Number of protein chains: 2
Amino acid sequence: MDKQTVTIYDVAREADVSMATVSRVVNGNPNVKPATRKKVLDVIERLDYRPNAVARGLASKKTTTVGVIIPDVTNIYFSALARGIDDIAMMYKYNIILTNSDENGRKEVQVLNTLMAKQVDGIVFMGNAVSEELRKEFDRAKTPIVLAGCVDEKGQMPSVNIDYTAAVEEAVKNLIDRGNQKVAFISGSLADPINRDFRLKGYKQALKKAGIRYDDKLVFETDYTYKAGQLLQPALQSVGATAAVIGDDELAAGVMNGVTDAGLNVPNDFELITSNDTKLTEMVRPKMSSITQPLYDIGAVAMRLLTKFMNNEEAEEKTVLLPYGLMKRDTTN
Amino acid sequence: MDKQTVTIYDVAREADVSMATVSRVVNGNPNVKPATRKKVLDVIERLDYRPNAVARGLASKKTTTVGVIIPDVTNIYFSALARGIDDIAMMYKYNIILTNSDENGRKEVQVLNTLMAKQVDGIVFMGNAVSEELRKEFDRAKTPIVLAGCVDEKGQMPSVNIDYTAAVEEAVKNLIDRGNQKVAFISGSLADPINRDFRLKGYKQALKKAGIRYDDKLVFETDYTYKAGQLLQPALQSVGATAAVIGDDELAAGVMNGVTDAGLNVPNDFELITSNDTKLTEMVRPKMSSITQPLYDIGAVAMRLLTKFMNNEEAEEKTVLLPYGLMKRDTTN
DNA sequence: CATCAAGATGAAAACGTTTTCAAATTGATT
DNA sequence: AATCAATTTGAAAACGTTTTCATCTTGATG
């Protein structure tokens, strides 16, 4: 019926010491005589005392909780990052408050505010754009923040990513080298810097080096969804694209199936390279060639970086780029 | 530099009222004269006051946070549930502390304990088995708990699921009706009641009604992973199975590709029905026929149910079964 | 105009920790 | 035996709210 909670005070009384001493042994403070420590530990055991983390948070101003803002857990790419984040967080004794933002600016701001209200010790932000409004909130927050799989156009926020520009350039070059003159660029919103400023740049660079004229008819801006990809086939055909680099694996799977269902053969009639190397690439047939990214590690490193900031350690570099690669599977010849 | 936090006390002073009154307006308590309310609100605005949720939690014993224990966010099935949970949680102003358990009993208990320490108002548990140890912890916790996509063998914990037994029976019948005499049953660990007591039971019932002898050579116990499925092909062939019901979509995709890669044709040489109807079923080729489950809704309903418990409302039924179906796609004839 | 009930307010006590600072104890050194 | 520094301890003040009472206002009613 009752709350029936055992408090630090109960332990202190039973062990015949002060709350301060109990607090010390609970927190592993070395300034406690071994004998007293044992005595206290025994009482804790006997009473089954569990420190109240909320009270602790209030007194110490540390909640050992970090906020994670994710566009959609349901997206394999982001959930892979999230897994990396959570594992490292757990390793450092933090918990994760996870919230979906749907990349909706208003929701992002609102979520950020409740996270701050809950006094999280830090935040990992995923998403594609850091809106001005969001940046303002970030600034106001004294709370450390790290971006994961998310570029900051102004380069002032700590983040961990791969070199999207170079990766896409390499992928496109790969496609061109095999004779494709019309390579489509398919991504999410070009309002997102990650697409507009990084991936598209790589695309253009590859074209330029190959002496191919840039044609914005070949650039497709869409949602990161399977359906969206599937519906793209007629448009791709009408511009005569014979290959594509695609910014998301689910989207890529959609494109591939759309093309295949239209009777074309991948990779003989149409080659494609996707971007995230999630497990989906191996599940579909043909398996998708992909830019490889250390997904789990991006999350893990971001979280690790965050722990440093929360600990006031100096981090060598604020902006870390993890290695990428190109994995040939069956959607390229 | 400094914490620079505006407290309720500052607001009270500036507005020339007591903390109690500020608290009242912040919490929408109607017992405040409109004029004072406005005065307070203005000060709050001017000072940009944000209530500290931790202090609030300590004083009110409510954290508006619920814990979610998930085997692995990276699994499409679970992340779909998680999404439903989070959306409803947000709707009711709760936040989610999300932790991966890997279905590891020790980790589950440990995670549960830290959630309790953090004074979450409730818990949604996903996973396949509720171990004895876990049940003990659950009992000790005064905190309301709801299972999502997870059966309680003893039927005493609130949960939301579909009728796995009936669903599997129907799927197997479907396969048998089309002439398959040797239908394999492929699931995760049979230590999990969901497989052992529910799905397998449905499988047996279908066989029985069709007058086919149960043969445990046709029962495959494995991991819920793509790889595990892929490796199953030789074993399936050696027992002469011509069809299978499979307990997880990633696993099913693995089985299908294993079979296909071995040169067989799905569905002509081998038919299969999977269980979770995640978006993966539509991404692979052939598209997988599946038992359908309202994934998102399972999570959503579980969370909704939890809010009732947290609110001490009486819930009509503790154990809710959502409707399932059978979706014919291209892995069955 | 006295009376009362209802409506607004405030003082202060929780809530369960951590942390600061001073006091008490210890033990080694002279 | 006296001294001093280190080591252990405890008292009490935070931490920033909510909540319980009691008190004070109000305005209507007789």
Side-chain angles (χ1 to χ4, degrees), chain A residues 2-41 43-44 47-65 93 114 116-121 142, chain B residues 2-41 43-44 47-65 93 114 116-121 142:
Chain A
D2 327 37
K3 301 307 300 181
Q4 162 74 315
T5 44
V6 179
T7 74
I8 198 174
Y9 180 77
D10 299 321
V11 176
R13 180 169 30 73
E14 290 290 306
D16 197 30
V17 297
S18 71
M19 289 161 51
T21 299
V22 177
S23 176
R24 287 190 190 96
V25 348
V26 168
N27 292 294
N29 184 316
N31 293 345
V32 181
K33 194 159 53 172
T36 13
R37 178 186 309 280
K38 170 147 184 15
K39 186 171 59 173
V40 171
L41 251 16
V43 175
I44 287 179
L47 265 43
D48 191 28
Y49 164 70
R50 318 279 186 100
N52 177 323
V54 173
R56 230 201 263 239
L58 182 57
S60 69
K61 295 170 167 301
K62 302 241 166 259
T63 54
T64 62
T65 302
K93 313 280 187 200
T114 76
M116 304 301 311
K118 296 220 167 168
Q119 313 294 117
V120 295
D121 296 336
K142 319 291 301 180
Chain B
D2 326 38
K3 301 307 300 180
Q4 162 75 314
T5 43
V6 179
T7 75
I8 198 175
Y9 179 76
D10 299 321
V11 176
R13 181 171 26 76
E14 292 290 306
D16 198 30
V17 298
S18 72
M19 291 161 47
T21 300
V22 178
S23 176
R24 287 193 189 93
V25 349
V26 168
N27 293 293
N29 184 315
N31 293 346
V32 181
K33 192 158 54 171
T36 8
R37 180 187 308 281
K38 168 145 184 20
K39 187 170 59 171
V40 171
L41 250 17
V43 175
I44 286 179
L47 265 42
D48 191 27
Y49 164 71
R50 318 280 186 98
N52 177 324
V54 173
R56 231 201 260 238
L58 182 58
S60 69
K61 293 171 168 303
K62 302 241 165 262
T63 54
T64 62
T65 302
K93 312 280 187 200
T114 77
M116 304 303 310
K118 296 219 165 167
Q119 314 293 119
V120 295
D121 296 337
K142 319 291 301 181

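Being a predicted model, the structure only gives us computed values, none of them experimental.
- B:V17 comes within 4.0 angstrom of sugar-phosphate atoms only, judged by non-hydrogen atoms across all strands, and of no base.
- Atom CG in B:N27 sits about 11 Å away from atom P in D:dT17, given to the nearest Å.
- Contact annotation: B:N31 does not reach the phosphate of C:dT9 (side-chain N/O to OP1 or OP2, under 4.0 Å).
- Using a 4.0 Å heavy-atom distance criterion, B:T7 is classed as a sugar-phosphate-only contact.
- Between A:T36 and the phosphate of D:dT9, there is a side-chain N or O to OP1/OP2 separation shorter than 4.0 Å.
- Straight-line distance from the OH atom of B:Y9 to the P atom of D:dA14: 12 Å, rounded to whole Å.
- Taken from CG in A:D16 to OG1 in A:T36, the straight-line distance is 11.5 Å, to the nearest 0.5 Å.
- Distance, A:I8 CD1 to C:dT19 C1': 11 Å, rounded to whole Å.
- Checking C:dA8, D:dT9, C:dC15 against every side-chain atom of B:K33, the shortest atom distance belongs to C:dA8.
- In this structure, the side chains of A:R37 and A:V32 come closer than 4.5 Å at one or more pairs of heavy atoms.
- Heavy atoms of A:N52 sit under 4.0 angstrom from primed sugar atoms or phosphate atoms, though from no base atom.
- The distance between atom CE of B:M19 and atom P of C:dA12, rounded to the nearest whole Å, is 12 Å.
- Atom CZ of A:R13 and atom C1' of D:dT9 are 19 Å apart (whole Å).
- Residue-to-nucleotide proximity on DNA chain C shows that, of B:P30 and A:R56, the 5′-proximal contact is made by B:P30.
- Nearest approach of A:D10 to A:T5, heavy atoms of both residues: OD2-O, 3.8 Å.
- For the atom pair A:R24 CZ and A:K33 NZ, the distance stands at 13.0 Å (nearest 0.5 Å).
- In this structure, A:N29 atom CG and C:dT17 atom P are separated by 17 Å, rounded to whole Å.
- Counting non-hydrogen atoms under 4.0 angstrom, A:V26 reaches nothing in the nucleic acid.
- A:V54 approaches B:G57 most closely through the heavy-atom pair CG1-C, 3.9 Å.
- Backbone-only engagement by B:T21 is indicated by non-hydrogen atom pairs under 4.0 Å involving sugar-phosphate atoms exclusively.
- Rounded to a whole Å, the CZ atom of B:R24 is 8 Å from the P atom of C:dG10.
- The nucleotide whose nearest atom lies closest to any side-chain atom of B:S23 is, among C:dT9, C:dG16, D:dT18, D:dT18.
- Across the protein-nucleic acid pair, A:K61 atom NZ and D:dA14 atom C1' stand 9 Å apart, rounded to whole Å.
- Residue B:S60 places no side-chain N or O under 4.0 Å from the OP1 or OP2 atom of D:dT18.
- Between A:S18 and A:A59, the residue anchored nearer the 5' end of DNA chain D, judged by the nucleotide with its closest heavy atom, is A:S18.
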